[in-house]
**Student:** 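Structure provided below as structure tokens; questions to follow.
FYI, side chains are in, hydrogens and waters are out, and symmetry mates aren't considered; it's all heavy atoms of this structure. Keep in mind that this is a model prediction, so the values were computed, not measured.
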Amino acid sequence: MESLSWISALAPWLLTRETALLLVGGFVVGIFSVIIGGGFFISIPLLQFLFPSVSYGAIVGNLKVGSFFRGIGSTITNRKEIDWLGNLLSSVPLVIGTVLGVMVIAHLHQRWMLPAIIAAIALSELAPWLAKRITKGSFQAASLVTGAYAGFLGAGIGIILVALFRLKHPAVERIAHVKIQARFIEWLIGIVAVIAHYFHGNLILALWLVWSVGSFAGGLAGGVLLEKLGAMSGKTQKSVLRLAYLVAIAGALLPFLNWGRGGAR
């Protein structure tokens, strides 16, 4: 009977407004992440709105669980093309950096989300420029910093990972191969981030469970839509992503508004 205690604790929560919004939100963000990318810029303000009292680390940690489930599909689909051993060895500095990043944000107040969002936007916009300046000599250092950023927030991390691993496979005809490896490594360090958040007490079962169901369904739907409708033009995707930046900044400002009204400590 004790093994079912977590179900009993979860049951009263399952029919609330927050649950419905998490489920729908996870689904919509899942589609957005597959077709456009940058799903964190939409999901972060949603969780800030629904859970204004939880920490920065709890928001990011529970979102990482959703990303983990969303990444299962691509890993299974591309498993025959993944360089398992090579990626595991190359990911050591990324894993170390991820754990360090999680340790930094574990118990920060939501007010720290604003500078993190601004940094993520800057990184997302500058990623193509930065990618050209990563050298083989700076690979390990860049991997450590990239891992730290993955644990700290991780929005737009896929672009940097592709840039990193193109150093090992620079030929144009290898780009598709590199993207598959980058998606796997992003999923791998996502697992590390989830474990680290678990040990810091940031994971909330009733939150990540519902969010992950929506995220997984959205990831599947997004894949189908992308295949049937074709990719949007780069210009359109960039415009939509920049609109998501504004949503993220607005969400990051909420804790300051609540604080000014005496709603936050």
Side-chain angles (χ1 to χ4, degrees), residues 25-26 28-52 54-64 66-67 70-71 94 97-98 100-102 104-105 108-134 142-164 179 182-183 186 189-190 193 211 215 218 222 231-259:
V28 172
V29 170
I31 294 174
F32 185 88
S33 297
V34 171
I35 297 177
I36 305 295
F40 264 66
F41 291 113
I42 300 294
S43 51
I44 284 173
L46 174 62
L47 263 65
Q48 285 185 282
F49 172 74
L50 291 175
F51 307 99
V54 304
S55 68
Y56 175 137
I59 287 179
V60 174
N62 287 279
L63 289 178
K64 293 284 186 185
S67 299
R70 198 162 56 238
L94 286 162
T98 299
L100 293 174
V102 171
V104 169
I105 68 164
L108 290 181
H109 190 278
Q110 278 192 28
R111 288 192 294 274
W112 285 96
M113 195 67 77
L114 181 60
I117 289 291
I118 293 172
I121 291 171
L123 183 61
S124 180
E125 290 294 308
L126 292 173
W129 180 84
L130 291 170
K132 296 175 183 177
R133 285 156 178 79
I134 298 173
S143 295
L144 185 66
V145 173
T146 300
Y149 174 68
F152 193 75
L153 188 64
I157 190 70
I159 299 172
I160 300 298
L161 287 174
V162 169
L164 274 174
K179 287 186 175 180
R183 280 199 298 268
E186 184 177 1
I189 60 178
W211 180 260
S215 295
M232 297 180 184
S233 69
K235 185 177 180 180
T236 300
Q237 291 189 46
K238 202 69 175 178
S239 297
V240 175
L241 184 57
R242 285 172 177 166
L243 180 61
Y245 294 164
L246 296 177
V247 174
I249 290 173
L253 288 171
L254 287 176
F256 290 92
L257 297 176
N258 292 335
W259 188 41

**Student:** Ser43 versus Phe32: any side-chain heavy-atom pair under 4.5 Å?
**Tutor:**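 Result no, sub-4.5 Å side-chain heavy-atom pair not found.
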**Student:** For Gly151, is there any backbone N or O sitting under 3.5 Å from a side-chain donor or acceptor partner on Lys64?
**Tutor:**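 Side chain of Lys64 to backbone of Gly151, a donor-acceptor pair under 3.5 Å: no, none is there.
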**Student:** Please name the pair of heavy atoms, one in Ser215 and one in Gly66, separated by the smallest distance, quoted to 0.1 Å.
**Tutor:**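 Here Ser215 and Gly66 meet closest at CB-O, 3.8 Å.
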**Student:** Please enumerate all residues that pass side-chain hydrogen bond (donor to acceptor under 3.5 Å, both in side chains) together with Glu186, with sequence neighbours excluded.
**Tutor:**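 Once residues adjacent in sequence are excluded, Glu186 has no partner under the side-chain hydrogen bond (donor to acceptor under 3.5 Å, both in side chains) criterion.
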**Student:** Do Ile59 and Phe51 have side chains that approach each other closer than 4.5 Å (heavy atoms only, starting at C-beta)?
**Tutor:**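 Heavy-atom side-chain distance check fails, nothing below 4.5 Å.
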**Student:** OG/Ser67 to CG/Asn62 distance, rounded to the nearest 0.5 angstrom?
**Tutor:**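 These two atoms lie 11.0 Å from each other.
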**Student:** Quick check: closest heavy atoms across Ile121 and Phe41, and the distance to 0.1 Å?
**Tutor:**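 Ile121 and Phe41 have their closest heavy atoms at CG1-CE2, 3.8 Å.
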**Student:** Just verifying a value: how many Å separate Ser55 OG and His109 NE2, rounded to the nearest 0.5 Å?
**Tutor:**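 NE2 of His109 is found 9.5 Å from OG of Ser55.
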**Student:** For Ile117 and Ala252, which heavy atoms make the closest approach, and how far apart are they?
**Tutor:**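 Heavy atoms only, the tightest pair is CG1-CB, 4.2 Å.
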**Student:** Using the six-membered ring wherever Trp is involved, compare the ring planes of Tyr56 and Phe152 and label them parallel, tilted or perpendicular (cut-offs 30° and 60°).
**Tutor:**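 Tilted, since the angle between the ring planes falls between 30° and 60°.
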**Student:** About how many Å separate CG of Leu63 and CG of Leu46, when rounded to the nearest 0.5 Å?
**Tutor:**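 Going from CG on Leu46 over to CG on Leu63, the span is 8.5 Å.
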**Student:** Hey, what do you get for OG1 (Thr98) to CG (Leu144), rounding to the nearest 0.5 Å?
**Tutor:**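 Output value for this atom pair is 9.0 Å.
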